[in-house]
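Values reported hereafter were calculated over all heavy atoms of this structure, with side chains retained and with hydrogens, waters and symmetry mates removed. Numbers restart at 1 for each chain; the letters A, B, ... are given by sequence-line order, proteins then strands.
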2 protein chains.
Amino acid sequence: MILQAETRRHYVTAMRAIVYRSAGGVEVLDLTTVPTPAPAASQVLVRVQATGLNRADVIQRRGGYPAPAGWPADIPGLEYAGVVEAVGIGVAEVKPGDRVMGLVGGGAQAEFLVTHCREVLPIPPGLTFEQAAAIPEAFLTAYDALVIRGRIRAGERVLVHAIGSGVSTAAVQLARWLGATVAGTSRTRSKIDRAMALGVGEGIETAAGGFGSQLSQPVDVILDFFGGGALNENLRCLNPKGRLVVLGTLQGGTAEAVDVGRILRGRLEVIGTVMRSRPHEERVPLVEEFATRVLPEFAAGRMAPIIGASFPMTALAAAHAAMEANEVFGKIVLNW
Amino acid sequence: MILQAETRRHYVTAMRAIVYRSAGGVEVLDLTTVPTPAPAASQVLVRVQATGLNRADVIQRRGGYPAPAGWPADIPGLEYAGVVEAVGIGVAEVKPGDRVMGLVGGGAQAEFLVTHCREVLPIPPGLTFEQAAAIPEAFLTAYDALVIRGRIRAGERVLVHAIGSGVSTAAVQLARWLGATVAGTSRTRSKIDRAMALGVGEGIETAAGGFGSQLSQPVDVILDFFGGGALNENLRCLNPKGRLVVLGTLQGGTAEAVDVGRILRGRLEVIGTVMRSRPHEERVPLVEEFATRVLPEFAAGRMAPIIGASFPMTALAAAHAAMEANEVFGKIVLNW
């Protein structure tokens, strides 16, 4: 075991990777050559076959979301699917040749990445690398937000905003699987139609204005990406003891005239959550719970990643443009 | 058992009680005679010996906090200590003559009250009625806020505002008992001194301004009674994954310029909570958990209600004035 990292070091010492040359538009994206990382103790070297593009990658490209400490600062990419190439000292969980996927704090838009062996998930049987690359960020984030932070229960009702996002399409499936019903918002009618085919019971088109007045009845949990601009309207949509899980601040980081009295009387909760900055100690139990509870559902065909568009890594600029245009329903995946 | 309610009906059919004649100052308080309530199935008739005065009673007197459905609309009083006078059909938990205490949604400022048999707590051995009457609202509210909603853990740090209140003096004892350290705020130096004798490690005097800049290090849980006016300053005092439990809106029901980005990045929680409006189904498990886990600590002398002032029921106006003057450290108790 101790010699594994040595004996498997046949891989090249340089690899291709996307590097952000500075903060800005797609012109800062650079497909270049960098040193291949080496797995330290308890780490796994993964040859990346596919990787999901996330909103966070676009925000980081613009300069707004630096990588957390301990992760590549200028190589983006928060999730991957690929093959274990080598393992460091003390790794018993996976072995070279295993098909794996997972979340990382950065560095997934490269031919190789290193990650902790206990943060790696097996790719469910029957799924391609492209499909697997669309799972980790969307499903782990949605599972954490809906199940762990939002404590959704069977028979409850969930409102999911921006229903076409990767996280949202995962949340719809998880909510339905757990026996909850789902309302979803989008500015785009076609996204609502697709979301309703996925299990959303009430679709709310927001191109003309707010969602609160359109919602037929209050909900118990909200998954929100809008933040400040939608906080009060979200609070008004909650049943007593409702939970508003805030995953983003796309409509601003500040909220005015927040009805704290409503939070008090309704016994509401406003819960902020972000995945990327979490320490290893928190990622492991989440990955383990997800692997036990949810992963079998993919192999069984009861849950599926929703891929809206895929691009070769060489067309990354087009993928960024697609994300910024907000026209894709589901995940955007990049393939090597 | 079925005949108990009948055989025990020796009590008078009229009793003295405090009635709010309308909304206003202490002039609306009326000590008068009203019909004695009768225990229905599963209910207990309690002869009240002492009752705590709460901020909610004062706010209700001013017209701001109506009694929840199912409780006396115009007889105030949210907690009591006394003796079981009679029991309704199907009550096995307590029997006439038992010394009991508990929370009610209203009606405790009377010689008798009825309450559900499973919401009744035994008075810990060695405590007087006056002492017992100072326990339910303060300790159940603090336990629920700190332990159940705030999920405080040993080694964590708590900030408790308005450190001289009944709930706060209970929270300090509960936090210390659970292995947490406590910082407390007050406008009054003497209250801080008394709170530090009770276990508060850091006292913050707020007469001259804010608390955030004085706090030596961030905290994991905040017990807040201020609401809107203090929301942002509270958010700035929290460690990552910190929980702000809002129990009141004494500084306003609306908050401006709320830093939702901070809630998101810090993975913070804003949790509203109120005890009075809770349904029976929620009160019972709280009462049972508290009875098992905390009540023995009173008999053992490791926890104690803090009584700042006591009045005869006939001096209720003076008790209201004392509460409105904010000069009492600990509970205000009324005795028949």
Side-chain angles (χ1 to χ4, degrees), chain A residues 56 59 64-66 68 141 144-145 148-151 223-235 238 240-279 281-282 286, chain B residues 56 59 64-66 68 141 144-145 148-151 223-235 238 240-279 281-282 286:
Chain A
I59 299 172
Y65 194 17
T141 301
D144 181 70
I148 296 180
R149 305 301 302 280
R151 308 188 307 281
L223 254 55
D224 172 69
F225 308 90
F226 299 141
L231 184 59
N232 265 327
E233 196 165 0
N234 276 326
L235 292 178
L238 284 173
K241 301 182 74 182
R243 291 82 74 192
L244 167 61
V245 184
V246 181
L247 294 143
T249 53
L250 294 177
Q251 291 183 6
T254 306
E256 299 302 334
V258 173
D259 190 348
V260 182
R262 189 178 183 90
I263 297 175
L264 178 77
R265 288 187 307 274
R267 304 167 60 195
L268 308 180
E269 297 178 30
V270 180
I271 301 168
T273 187
V274 59
M275 187 63 69
R276 191 179 185 185
S277 58
R278 296 195 188 181
E281 297 69 36
E282 283 189 54
L286 173 63
Chain B
I59 298 173
Y65 194 16
T141 302
D144 181 71
I148 296 180
R149 307 300 302 280
R151 308 187 307 282
L223 253 55
D224 173 70
F225 307 90
F226 299 141
L231 184 59
N232 265 326
E233 197 166 1
N234 276 326
L235 293 176
L238 284 173
K241 301 181 72 180
R243 290 83 74 194
L244 168 60
V245 184
V246 180
L247 294 144
T249 53
L250 295 177
Q251 291 183 5
T254 305
E256 298 301 334
V258 173
D259 190 348
V260 182
R262 189 178 183 91
I263 296 174
L264 178 77
R265 289 187 308 274
R267 302 167 61 196
L268 306 181
E269 296 177 30
V270 180
I271 301 168
T273 187
V274 61
M275 185 66 67
R276 189 179 187 184
S277 59
R278 294 193 191 183
E281 297 67 35
E282 283 190 54
L286 174 62

Which heavy atom of A/Gly228 sits nearest a heavy atom of A/Ala255, and at what distance? O-CB, 3.5 Å
Most contact-rich option vs chain A, by heavy-atom pairs under 4.5 angstrom, among B/Val245, B/Leu247, B/Leu268, B/Val246, is B/Leu268
Could you tell me whether the side chain of B/Glu256 and the main chain of A/Glu256 form a donor-acceptor pair under 3.5 Å? no
A/Glu282, part contacting chain B, at a heavy-atom distance under 4.5 Å: side chain
Is it the case that the side chain of A/Arg149 and the backbone of A/Thr273 share a donor-acceptor pair, with hydrogens and angles ignored and the cut-off at 3.5 Å? no
Hey, does the side chain of B/Asp224 reach the backbone of B/Leu244 with a donor-acceptor pair shorter than 3.5 angstrom? no
So what's closer than 4.5 Å to chain B heavy atoms on A/Leu231: side chain, backbone, both or neither? side chain
When heavy-atom pairs shorter than 4.5 Å are enumerated against chain A, which of B/Arg267, B/Lys241, B/Arg262 gives the highest number? B/Arg267
